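Take a look at the structure set out below.
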Number of protein chains: 2
Amino acid sequence: MDQPDRPMTNQLSYALAAAHRRINASLNARLRGHGIQIEAWRLLEALESGQRFTMGELAEIVLMNPPALTKLVDRMVSDGLVHRQVAQSDHRKINVLTTALGRKRMMQIRREIEDQDASIQRQLGESDSQKLISLLQGIT
Amino acid sequence: MDQPDRPMTNQLSYALAAAHRRINASLNARLRGHGIQIEAWRLLEALESGQRFTMGELAEIVLMNPPALTKLVDRMVSDGLVHRQVAQSDHRKINVLTTALGRKRMMQIRREIEDQDASIQRQLGESDSQKLISLLQGIT
DNA sequence: AGAATTTAATTGACTTGGAAAATAAATTCA
DNA sequence: TGAATTTATTTTCCAAGTCAATTAAATTCT
């Protein structure tokens with residue numbers, strides 16, 4: 001389907017928004033069948049290493065606000081994918097840990113979900129992908 | 001503040017999401033004072049040329065789903081910035097048109113809002129900005 | 001030690017965004 | 001023509017974002 005003519009002001013931020021949207025749509029489509037959403041998927045991936053993260057750290061990692069993360073974790077807890085644990089060093093902090101079910105689901109999905117980056121790198125090539133990452137990181 | 005260690009899988013789509021988030025935050029901050037949101041701003045810009053767009057075309061332009069656009073247009077109608085007009089050729093289609101107020105507000109804001117791209121180009125340089133655009137457009 | 005401040009997470013109110021279903025008009029086709 | 005299908009938009013329901021306020025624990029400062 002053709003795109004309609006559009007104004008070309010702010011091409012760059014527009015291109016960024018559009019590319020992000022396309023990537024999210026494709027990842028979402030693949031995750032939908034597994035009944036999981038992008039943010040939950042990113043969270044499970046972050047926890048895969050077994051490293052202990054607090055809510056605040058996770059909020060940065062999955063690019064959500066703390067209140068939004070609280071709600072996401074609530075849902076994932078009731079789905080049995082993660083659980084909360086008060087940090088022993090500082091009782092204000094909450095560590096989020098995967099459950100056995102969470103790890104199992106993560107592995108199942110990972111096996112079927114192709115790595116997002118792999119698909120982009122196939123389109124752009126290795127060196128352009130690296131270039132793209134460094135350009136993106138240069139934007140403050 | 002230091003970022004916590006994070007898993008380096010899907011670096012690329014992560015960098016994309018993060019850059020998009022940073023840019024949106026900055027543009028949003030500048031638009032907030034004008035009581036308008038990014039999507040409304042993009043919509044007003046799209047309509048600036050006077051070209052007639054349907055809801056579906058606008059949804060692509062402002063990168064929203066049709067349902068979300070319906071609500072955005074509802075709000076902008078009640079703010080007096082745009083109005084709807086059933087297309088004479090096809091009564092299913094709705095054209096969205098700016099009002100005099102909408103055009104006036106657009107001009108006012110544009111005068112005060114610095115171009116988003118200008119700020120990015122200052123960071124990246126002209127040629128890297130062009131490179132970034134073409135890389136982003138290469139992502140399907 | 002004890003009051004004041006800072007930090008971490010949550011809650012609540014409100015607005016916005018997204019997917020699926022519903023509505024309504026146009027087109028196809030038998 | 002008229003039933004079936006496609007297309008355009010809207011409605012509905014749920015999830016996410018923001019912001020301010022709250023709770024609770026740790027730290028700072030006399």
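Just so it is clear: chains get the letters A, B, ... in the order the sequence lines come, proteins before strands, and each one is counted from 1. Keep in mind that what you see is a predicted model, and the values were worked out from it rather than measured.
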Sub-4.5 Å side-chain heavy-atom contact between Leu44(B) and Met76(B): yes
Between P of dT10(C) and CG of Leu58(A), the distance in whole Å: 11 Å
Minimum heavy-atom distance between His91(B) and Ala87(B), given as atom pair plus value: CD2-O, 3.5 Å
Residue whose closest nucleotide on DNA chain C lies nearer the 5' end, Arg92(B) versus Thr70(A): Thr70(A)
Gap between atoms CD1 and C1', on Ile38(B) and dG17(D) respectively (whole Å): 12 Å
Separation of dG17(C) C1' from Asp74(B) CG (nearest whole Å): 14 Å
Short side-chain N/O contact from Asn28(A) to OP1 or OP2 of dG18(C), under 4.0 Å: no
5' priority, DNA chain C, between Gln37(B) and Arg84(A) [closest heavy atom]: Arg84(A)
Distance below 4.0 Å between Thr54(A) side-chain N/O and dA8(C) OP1 or OP2: no
Nearest-Å distance for atom pair CG/P, residues Asp90(A) and dT23(D): 20 Å
Distance, rounded to the nearest Å, where Arg32(A) contributes CZ and dA20(C) contributes C1': 10 Å
First of Leu72(A) and Gln88(A) reached from the 5' end of DNA chain D, by closest nucleotide: Leu72(A)
Any donor-acceptor N/O pair under 3.5 Å between dG12(C) base and Lys71(A) side chain: no
Given DNA chain D, 5'-ward residue of the pair Pro67(A) and Pro67(B), judged by closest heavy atom: Pro67(B)
Cluster overlap Leu47(A) with Leu101(A), hydrophobic side-chain contacts below 4.5 Å: yes
Nearest-neighbour nucleotide for the Met55(A) side chain, dA25(D), dA9(C), dT9(D) considered: dA9(C)
Check: Thr140(B) main-chain N/O paired with Gln123(A) side-chain donor or acceptor under 3.5 Å: yes
Integer-rounded Å distance: dT27(D) C1' and His91(A) NE2: 15 Å
Gln85(B) CD - dA8(D) P separation (whole Å): 18 Å
Atom pair distance, as rounded to whole Å: CG in Leu63(B) and C1' in dT16(C): 16 Å
Cluster link Leu97(B) to Leu58(B), ILVMFWY, side chain under 4.5 Å: no
